[in-house]
Structures are given as structure tokens and as C-alpha cells.
Amino acid sequence: MRRAVCPGSFDPIHNGHLEVIARAASLFDEVIVAVSTNYAKKYRFSLEERLEIASETLTSLRGVSVRPMGEGLLVQFCREHGANLIVKGLRSSADFEYELPMAAMNRQLAGVETVFIPAEASYSHLSSTLLKEVSALGGDISPFVPKAVMKRLRTSAE
Ligand code: ADP
């Protein structure tokens with residue numbers, strides 16, 4: 001049984017994330033989407049909202065589940081959930097430079113491997129930060145995010 005963890009803050013989840021999660025689901029038996037929270041960080045969406053959005057959006061993907069991840073080590077979360085693989089999407093060499101030391105550390109700490117999935121070219125410019133900026137300035141981000149995100153944005157604007 002190959003169980004992988006896809007971690008992120010997913011504030012909010014977007015089509016680039018969804019594509020990587022779907023590809024991970026086709027490679028592994030089970031994929032746990034781990035929604036992180038750092039209490040020092042300010043999020044646009046609460047943890048509950050980020051969990052709900054991810055769950056609503058991913059409900060039809062077989063083998064994929066969504067779980068909250070506390071502030072502890074990612075390898076500890078992996079251990080607690082019986083996973084020995086981490087999946088990360090790579091958009092650019094900057095992502096790679098950032099991810100490489102973490103991947104080495106996670107392997108040395110706990111023998112957990114990291115698998116990198118190259119971002120689909122049409123999504124490689126997407127980041128949650130950029131989408132939040134565009135949306136806050138009145139841009140339409142509906143082509144880039146699932147419906148569940150647009151629904152939350154509309155209700156919070158009312
Ligand atoms: P962070 O944890 O830095 O807030 P995110 O939650 O946005 O980052 O992303 C979680 C994971 O999704 C990371 O592995 C990141 O590289 C990957 N990712 C983010 N955006 C994309 C994208 N457009 N295409 C593929 N992978 C992506």
C-alpha cells in the first residue's frame with residue numbers, strides 16, 4: 001500500500017494544486033491532503049474553510065482524503081498516518097531550491113521520501129498568494145480556482 005501526503009496551506013486551494021493531487025492519486029493507492037496551520041500566520045480562509053473547500057472539491061477523487069495538520073513536523077504527521085511519501089508540486093527552479101533541503105531533511109529524520117511532480121505548464125504561474133492579490137484588487141480568479149472557493153469569496157463579500 002503506497003500512501004502519500006500532499007501538504008500545503010491551501011489558502012485557498014487552486015487548479016495547480018488540484019492537478020498535482022489528481023496526478024498523485026493516479027500514482028499512489030492513497031493520498032492524504034494535509035492542510036497546515038501556522039498560528040503565527042494570517043490566513044485569508046480559516047482552517048475549517050480550507051478543509052471544507054478541499055473536501056468538497058476532492059470528494060470525487062478515489063483514494064484522496066483531506067486532514068488537518070497541526071504545527072508539528074511533517075514527518076511526524078506522516079508517521080501518525082502510516083505514510084512514507086511526501087508529494088510536492090514544482091513550478092520553478094525556485095520551488096526546487098526551496099524544497100530540496102526539506103526533502104533531504106525529511107529523509108534523514110524519518111526515511112520519508114519526497115516525490116516531485118512538475119507543474120502543468122498552464123498552471124505553473126498559479127500561487128495562492130498571487131490569486132489572493134488579484135481577487136482582493138477585483139480581478140476574476142474563477143478560471144483558476146474550484147467553485148467552492150468562489151462560493152466562499154462571494155459569501156464573505158456580502
Ligand atoms: P505553501 O505551503 O508554501 O503555502 P501551497 O500551500 O500553496 O504552498 O502549496 C502546497 C504545495 O503545492 C507545494 O508543494 C507547492 O509547490 C505546490 N504548488 C503550489 N502551486 C502549484 C502549482 N501552480 N502547480 C503545481 N504545484 C503547486
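By convention here, the first residue in the shown sequence is residue 1. For ligands, and for the atoms within them, numbers begin at 1 and follow the listed sequence.
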| query | Heavy atoms under 4.0 Å from ligand 1: which residues qualify? | reply |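 Within 4.0 Å of ligand 1, protein side: Pro7, Gly8, Ser9, Phe10, His14, Gly16, His17, Val20, Lys88, Gly89, Arg91, Asp95, Ala119, Tyr123, Leu126, Ser128.
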| task | Please list, chain by chain and in numerical order, all residues satisfying side chain to side chain contact (heavy atoms under 4.5 Å, CB included) with Ala110, sequence neighbours excluded. | result |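 Residues passing side chain to side chain contact (heavy atoms under 4.5 Å, CB included) with Ala110: Val75, Arg79, Val112.
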| Just how far is it from atom OG1 of Thr37 to atom CE of Met69, taken to the nearest 0.5 Å? |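 One finds 8.5 Å between OG1 of Thr37 and CE of Met69.
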| remark: One should read off an interatomic distance between Ser128 OG and Phe144 CZ, to the nearest 0.5 angstrom, of 13.0 Å
| query | If you draw a 6.0 Å radius around CE in Met105, do more than 12 non-hydrogen atoms from other residues or ligands fall strictly inside? | reply | no
| Cluster link Tyr123 to Leu130, ILVMFWY, side chain under 4.5 Å |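 Yes: a chain of side-chain contacts under 4.5 Å links Tyr123 to Leu130.
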| So if you build clusters from Ile, Leu, Val, Met, Phe, Trp, Tyr with side-chain heavy-atom gaps below 4.5 Å, do Val134 and Tyr43 land together? | no
